[in-house]
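What follows is one structure encoded as structure tokens, with my remarks underneath.
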Amino acid sequence: MPDKGKARQTLPKGALLSKPKEFQAVYQNGKRLRGKEFSLIFMPNGLNTNRLGISVHGVKRAVARNRIKRIIREFYRLNRQFISPSSDIVIAVRKDFPPDSPQEVGRAVRPLLRNLPLA
RNA sequence: AGGAGUGGGCGCAUGAUCGCGCUGGCGCAGGUCGCCGGUGAGGAAAGUCCGGACUCCGCAGGGCAGGAUGGUUCGUAACGCGAACCGGGGGCGACCCCGGGAAAGUGCCACAGAAAACAGACCGCCCCGGUUUUCCGGGGUAAGGGUGAAACGGCGAGGUAAGAGCUCACCGCUUUCAUGGUGACAUGAAAGGCACGGCAAACCCCAUCCGGAGUAAGACCAAAUAGGAAAGCGUUUGAGGGCUGCCCGCCCGAGGCUUUCGGGUAGGUUGCAAGAGGUGCCGGGUGACCGGCAUCCCAGAUAAAUGAUCAUGGCCCCGCAAGGGGUACAGAAUUCGGCUUAUAGCCCACUCCUUUUU
RNA sequence: CGGGAUGUAGCGCAGUCUGGUAGCGCACUUGAAUGGGGUUCAAGGGGCCGGAGGUUCGAAUCCUCUCAUCCCGA
């Protein structure tokens with residue numbers, strides 16, 4: 001868990017992918033890690049920060065959809081410093097993934113991150 | 001006490017820490033910046049079922065189609081919404097549900113039944129003739145039987161060979177008149193003498209209303225590609241286009257239009273939030289609602305902000321207790337008025353029924 | 001934001017406009033034929049027509065609301 005207070009855990013808009021082009025670039029050139037309920041796609045971006053993109057598919061109710069995004073974003077905010085810099089990451093969530101807290105996301109993501117080659 | 005009806009309201013609160021959008025101010029190293037403050041989802045934001053505002057389409061016009069609504073009168077910017085009333089139906093009741101026209105026409109009414117729609121007669125009933133344990137023929141009749149969702153006024157009396165609105169009383173129906181009401185309609189009187197089955201959420205008729213698109217409307221700035229290729233049509237005797245779908249009619253119209261292929265851009269600003277606005281008081285109206293005064297400013301995102309963690313406290317459920325669990329439906333996207341649908345747990349007001357006690 | 005289509009047997013579809021009996025193919029079950037299987041032939045079972053109300057004597061069909069799935073346009 002993050003050591004409190006040292007680094008500020010901010011999450012400005014620039015740290016989120018927002019253009020279709022950016023998403024397409026990650027989808028086409030990135031590496032995929034498949035999990036049970038979501039996929040994790042990443043690629044180097046040439047910047048000195050990492051960026052996050054969230055894709056939720058198949059969840060129809062807006063409340064549930066937004067909640068998934070917010071929780072994933074919160075998880076990313078808290079753990080951003082541990083993710084290798086200068087890379088774009090897209091988390092593509094499939095249908096039956098109803099996380100209730102950032103910790104749950106962490107538990108689900110960590111096994112995949114372990115395989116991430118930090119090169 | 002229990003059950004029920006109608007109308008209305010709330011729909012977690014407070015604090016701390018870390019974050020996010022918009023915004024005011026200040027600072028500088030002038031941007032992926034920092035600090036201080038303000039503000040930030042709903043009663044349905046939902047479904048997109050109606051009606052408006054706004055914007056563009058060049059709102060000339062006429063006709064035909066097409067769609068919607070459907071007791072009356074009000075309310076409203078408008079409505080398919082709301083209010084009050086009228087008529088019919090349901091409920092012991094509070095109360096709830098339904099609503100043009102079937103004597104303009106067309107069509108449909110399966111099965112059963114004699115007959116299903118300007119009537120007709122299977123079994124009956126009665127009379128006459130023949131024959132005579134019985135049955136046959138002719139005529140009258142529609143009260144009774146049976147079928148069906150529905151059977152040609154209902155019920156009683158008179159009357160008759162048996163019967164029948166054949167006659168009469170009451171009820172219903174139709175027509176006319178009178179009175180009351182803005183009106184739907186109500187009440188009363190007279191006459192007619194039974195003619196008029198149901199279905200228009202079947203076609204249809206009648207009345208009223210409706211131009212088309214939609215904020216990705218539309219306006220501005222910036223960037224980029226290209227003045228491309230093929231086919232067809234046509235240049236005043238007019239291709240093609242616009243005016244809603246069609247017709248009439250009108251208008252525009254020349255190195256142009258249509259189709260296909262190929263190529264490019266899809267970034268920013270605005271629209272974009274002070275509104276048929278909210279709250280309070282007063283006044284008018286049975287009511288929906290309207291008027292006046294005061295006061296408040298109340299989200300503006302764009303792969304789309306309103307979140308996470310912790311604590312304390314409400315409320316509900318389980319449990320003797322310690323304690324444990326739960327806290328719905330659901331997320332703004334130009335905007336407003338309705339409708340419809342979803343919704344844990346509650347609260348308030350008025351009313352009805354049953355039972356008990358006094 | 002706007003416009004449309006479809007839900008019927010395990011699967012794919014008719015029937016809906018014009019209301020009264022839900023039918024076709026594949027699959028399934030049983031029997032026949034074969035030494036056995038396939039093919040073939042014969043017979044049979046299986047549906048409260050996506051859900052809830054309403055209109056009608058009667059609704060898969062007509063009307064209203066609602067739930068899914070799919071497809072267009074800007």
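In what follows, every heavy atom counts, from backbone to side chain, and hydrogens, waters and symmetry copies are set aside. If you're wondering where the values come from, they're calculated on a predicted model, not measured in any experiment. So you know, we letter chains A, B, ... as the sequences are listed, proteins then strands, and number each from 1.
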Checklist entry - Is there a Watson-Crick or G-U wobble partner for rU76(B) with both distances under 3.5 Å, and which nucleotide is it? => result none
Checklist entry - For rA305(B), does OP1 or OP2 lie under 4.0 Å from any side-chain N or O of Lys69(A)? => result no
Checklist entry - Contact class for Leu16(A) (heavy atom, under 4.0 Å): base, sugar-phosphate, or nothing? => result nothing
Checklist entry - Going through the checks in order, is the side chain to side chain contact (heavy atoms under 4.5 Å, CB included) test met by Ile54(A) and Val90(A)? => result CA-CA 6 Å; Ile54(A) 307 169; Val90(A) 171; over 6 Å; no
Item to check | Stepwise side chain to side chain contact (heavy atoms under 4.5 Å, CB included) check, Arg73(A) with Arg70(A) | outcome: CA-CA 5 Å; Arg73(A) 204 160 52 227; Arg70(A) 285 167 183 160; 3.7 Å; yes
Checklist entry - Which distance, rounded to the nearest 0.5 Å, do you find between the CZ of Arg67(A) and the CZ of Arg61(A)? => result 11.5 Å
Checklist outcome for this item: As its Watson-Crick or G-U partner within any shown strand, both distances under 3.5 Å, rG249(B) has rC243(B)
Next on the checklist: Please report the distance separating the C1' of rU76(B) from the corresponding atom of rG291(B), rounded so that it comes out in whole Å.
Outcome noted: 15 Å
Next on the checklist: Measuring from the side chain of Arg73(A) (C-beta onward, heavy atoms only), which nucleotide among rG19(B), rU306(B), rG331(B) has the closest atom?
Outcome noted: rU306(B)
Item to check | Chi-angle category of rC248(B) [syn within 90° of 0, anti beyond] | outcome: anti
Checklist outcome for this item: Relative to its sugar, using the 90° cut-off around 0, the base of rA46(B) is anti
Next on the checklist: side chain to side chain contact (heavy atoms under 4.5 Å, CB included), that's the test. Do Ile89(A) and Arg51(A) meet it? Break it down for me.
Outcome noted: CA-CA 6 Å; Ile89(A) 300 171; Arg51(A) 298 188 298 179; over 6 Å; no
Next on the checklist: The test is salt bridge (charged side-chain N to carboxylate O under 4.0 Å, His left out); show your working for Arg77(A) and Glu74(A) and say whether it passes.
Outcome noted: CA-CA 5 Å; Arg77(A) 182 175 74 82; Glu74(A) 181 72 7; 2.6 Å; yes
Next on the checklist: Output the rounded distance in Å from CD1 (Ile72(A)) to P (rG19(B)).
Outcome noted: 21 Å
Item to check | Atom-to-atom span, CD of Glu74(A) to C1' of rU17(B) - whole angstrom | outcome: 12 Å
Checklist entry - Counting only Watson-Crick or G-U wobble pairs whose two distances fall under 3.5 Å, which nucleotide matches rU16(C)? => result none
Checklist entry - Atom OH of Tyr76(A) and atom P of rC20(B): how far apart are they, to the nearest Å? => result 13 Å
Checklist outcome for this item: Rounded to whole Å, CD of Glu104(A) lies from P of rA308(B) at a distance of 13 Å
Next on the checklist: If I take atom CG in residue Asn79(A) and atom P in nucleotide rC18(B), what distance separates them, rounded to the nearest angstrom?
Outcome noted: 18 Å
Item to check | Pairwise C1' distance for rC152(B) and rG172(B), with rounding to whole Å | outcome: 15 Å
Checklist entry - Now, which nucleotide makes the Watson-Crick or G-U wobble pair with rU40(C), with each of the two distances under 3.5 Å? => result rA32(C)
Item to check | Worked check of side chain to side chain contact (heavy atoms under 4.5 Å, CB included) between Arg32(A) and Leu40(A) | outcome: CA-CA 6 Å; Arg32(A) 281 168 185 272; Leu40(A) 209 143; over 6 Å; no
Next on the checklist: Return the pairing partner of rG183(B) with a 3.5 Å limit on both distances, Watson-Crick or G-U wobble; otherwise return none.
Outcome noted: none
Item to check | P-based separation of rG75(B) from rG99(B) [nearest Å] | outcome: 25 Å
Next on the checklist: For the backbone of Asn50(A) and the side chain of Arg80(A), can you confirm whether one donor and one acceptor N or O come within less than 3.5 Å of each other?
Outcome noted: yes
Checklist entry - For atom C1', what is the distance between rC281(B) and rU286(B), given to the nearest Å? => result 23 Å
Next on the checklist: In whole Å, I'd like the distance from the CD1 atom of Ile54(A) to the C1' atom of rC20(B).
Outcome noted: 13 Å
Item to check | rC97(B) versus rC339(B) - spacing of their P atoms, nearest Å | outcome: 14 Å
Checklist entry - Checking all strands, does Arg65(A) fall into the base, sugar-phosphate, or nothing category for heavy-atom contacts under 4.0 angstrom? => result nothing
Item to check | rG319(B) versus rA344(B) - spacing of their P atoms, nearest Å | outcome: 23 Å
Item to check | Pairing partner (Watson-Crick or G-U wobble, both distances under 3.5 angstrom) of rU341(B) | outcome: none
Next on the checklist: Using whole Å, what does the distance between atom C1' of nucleotide rG307(B) and atom CZ of Arg67(A) come to?
Outcome noted: 9 Å
Checklist entry - When syn is taken as a glycosidic angle within 90 degrees of 0, is rU56(C) syn or anti? => result syn
Checklist entry - Does rG43(B) fall in syn (glycosidic angle within 90° of 0) or anti? => result syn
Checklist entry - Below 3.5 Å, does any donor atom in the side chain of Arg77(A) face an acceptor in the base of rC20(B), or the other way round? => result no
Item to check | Distance in angstrom units between Leu11(A) CG and rA308(B) P, rounded | outcome: 15 Å
Checklist entry - Pick the nucleotide of RNA chain B nearest each of Arg61(A) and Pro102(A); which residue has the one closer to the 5' end? => result Pro102(A)
Checklist entry - Which nucleotide, in any strand shown, forms a Watson-Crick or G-U wobble pair with rG214(B), with both distances under 3.5 Å? => result rC54(B)
Checklist entry - In Å, rounded to the nearest 0.5 Å, how long is the span from CG of Leu17(A) to OG of Ser55(A)? => result 11.0 Å
Next on the checklist: Can you see if the side chain of Arg70(A) gets near the phosphate of rG21(B) - specifically, an N or O under 4.0 Å from OP1 or OP2?
Outcome noted: no
Checklist outcome for this item: Judged by whether its glycosidic angle lies within 90° of 0, rG165(B) is syn
Next on the checklist: On the nucleotide rU32(B), are OP1 or OP2 found under 4.0 Å from the side-chain N or O atoms that Arg51(A) carries?
Outcome noted: no
Checklist entry - Taking the P atom of each, how far is rG277(B) from rA53(B), in whole Å? => result 16 Å
Item to check | Rounded C1' spacing from rA342(B) to rG331(B) in Å | outcome: 15 Å
Checklist entry - Is there a Watson-Crick or G-U wobble partner for rA321(B) with both distances under 3.5 Å, and which nucleotide is it? => result none
